[in-house]
Amino acid sequence: MNRMPEFTLFGEVIDANEILRVQVTDIKSLLLRKGFIIVNDISFTREEFAMFFSGFGDVVRFVTDPLAPDYKSSDVTVLQGRPDDIVAGRGQLPLHADGGTTDFIVDHLFLFALEVSTSDNGGATCLVNYRLANLELPESLRRILFGRKHYMRIINGDVEQTWKEIPVFSGMGRAFRMMIYFPFDEGQPASWECAVEGLTTAECRQYYRDLQAFYRQPRYYYRHYWTQNQLLICDNRLMLHEREPYSSDGQTRILMRGLTREPADELSGDMRS
Ligand SMILES: [Fe+2]
């Protein structure tokens with residue numbers, strides 16, 4: 001059973017009956033205050049899951065996600081630990097927020113644990129309350145995060161990909177977002193690499209290592225070990241997330257994922273940050 005650590009200043013556990021009963025607008029406002037919600041012992045078919053999250057906004061269908069070229073038209077992505085798959089694999093997926101292009105904007109992220117074996121503790125989904133963390137960021141990290149351009153490049157076999165600038169901060173009010181892709185840990189198979197304006201490779205590695213260590217402090221960080229029939233809803237504008245790697249044999253971890261974007265008129269009606 002997952003329990004919110006008492007020192008974590010974010011996150012909420014909601015009863016399965018309640019989440020299906022309350023208004024979506026109330027769930028969204030709770031998410032704005034808490035960042036994420038966990039629901040235990042809830043069951044969904046794929047269709048029921050899609051029906052549930054489609055009530056939160058426009059369903060995002062990966063029109064131009066550079067990390068997921070295979071998911072062009074699905075409302076539900078099944079994450080089942082396929083080897084060699086960035087999004088649906090079982091390797092490390094470093095800290096990031098979903099989205100990154102004008103066609104691929106994500107406000108809410110939904111993960112439902114369809115099937116999970118408990119043979120070991122790998123495969124956690126970890127969340128960072130970056131808004132609080134950034135308020136308390138050491139000056140040396142703040143100068144780089146807020147003052148330098150950040151880049152990432154997909155690693156794709158022998159094909160040389162171009163560096164793409166990541167718009168780290170954008171928008172205002174409820175459309176405010178932080179977009180960042182952390183590099184993979186050394187020793188992990190990497191699907192992309194990162195660069196920062198004016199930093200050498202070694203300085204860049206050290207910067208991300210320090211920033212990651214800061215974000216992973218218990219005050220800002222929640223590590224969620226999955227059990228079957230759990231639902232996690234996360235406001236992608238408040239949180240970064242990552243997947244810890246899990247073993248390639250003996251562990252089943254099948255999650256269904258949905259992504260939604262709030263309609264523009266809902267965002268413009270409330271400019272609280
Ligand atoms: Fe993600």
Side-chain angles (χ1 to χ4, degrees), residues 11 31 35-38 49 53 56-72 74-82 84-114 122-131 133 150 152 154-155 164 166-168 170 177-185 188-194 208 211-212 215-216 220-226 230-246 253-262:
L31 283 164
F36 69 92
I37 292 170
I38 304 276
F49 179 55
F53 71 72
F56 283 69
D58 301 327
V59 175
V60 178
R61 292 188 166 83
F62 293 100
V63 182
T64 58
D65 179 7
L67 299 182
D70 296 335
Y71 304 125
K72 283 194 173 65
S74 60
D75 50 358
V76 174
T77 302
V78 180
L79 312 175
Q80 53 192 337
R82 283 200 313 260
D84 305 324
D85 187 317
I86 299 176
V87 175
R90 53 179 62 208
Q92 182 201 18
L93 195 57
L95 279 171
H96 66 284
D98 284 342
T101 67
T102 49
D103 290 336
F104 182 34
I105 291 173
V106 176
D107 291 327
H108 293 108
L109 159 67
F110 304 81
L111 291 170
F112 173 66
L114 194 62
T125 296
C126 307
L127 301 164
V128 170
N129 178 352
Y130 77 75
R131 296 233 182 165
H150 289 56
M152 66 99 78
I154 303 291
I155 298 170
K164 176 184 153 204
I166 303 298
V168 181
S170 63
R177 295 160 205 287
M178 176 179 174
M179 177 61 50
I180 193 167
Y181 290 88
F182 276 67
F184 289 77
D185 290 346
Q188 291 289 331
S191 303
W192 64 78
E193 55 189 333
C194 304
Y208 278 111
L211 187 58
Q212 178 174 271
Y215 280 168
R216 282 180 174 170
Y220 317 118
Y221 195 71
Y222 171 64
R223 176 179 283 109
H224 184 73
Y225 292 112
W226 289 99
Q230 279 182 325
L231 171 68
L232 168 66
I233 312 174
C234 170
D235 192 316
N236 189 55
R237 295 159 297 189
L238 302 174
M239 318 290 296
L240 303 176
H241 58 277
E242 67 177 321
R243 177 184 63 222
E244 292 186 338
Y246 59 101
R253 177 193 186 273
I254 303 177
L255 306 183
M256 291 195 296
R257 182 182 67 174
L259 303 172
T260 57
R261 175 184 184 176
E262 289 199 89

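Position 1 is the first residue of the sequence; numbering continues from there. Atoms within a ligand are numbered from 1 in the order they appear, just like the ligands themselves.
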*Could you walk me through whether N236 and L259 pass the side-chain contact (heavy atoms from CB on, under 4.5 Å) check?*
CA-CA 9 Å; N236 189 55; L259 303 172; over 6 Å; no

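Remark: P94 pairs with Q92, F182, F184, W192 by the side-chain contact (heavy atoms from CB on, under 4.5 Å) rule, at least two apart or across chains. Listed by chain and residue number, R216, Y221 satisfy the side-chain hydrogen bond (donor to acceptor under 3.5 Å, both in side chains) test with E242 (two or more places apart in sequence, or in another chain). Residues satisfying the ring-ring contact (aromatic ring centres under 6.0 Å, His included) test with F53, not counting sequence neighbours, are F49, F110.
Below the 2.8 Å limit, the Fe ion (ligand 1) has as protein N, O or S neighbours H96 NE2, D98 OD1, H241 NE2.
Taking 4.5 Å as the limit, some side-chain heavy atom of E244 sits within range of a side-chain heavy atom of C126. Under the 4.5 Å side-chain criterion, counting only non-hydrogen atoms from C-beta, M178 is not in contact with R131.
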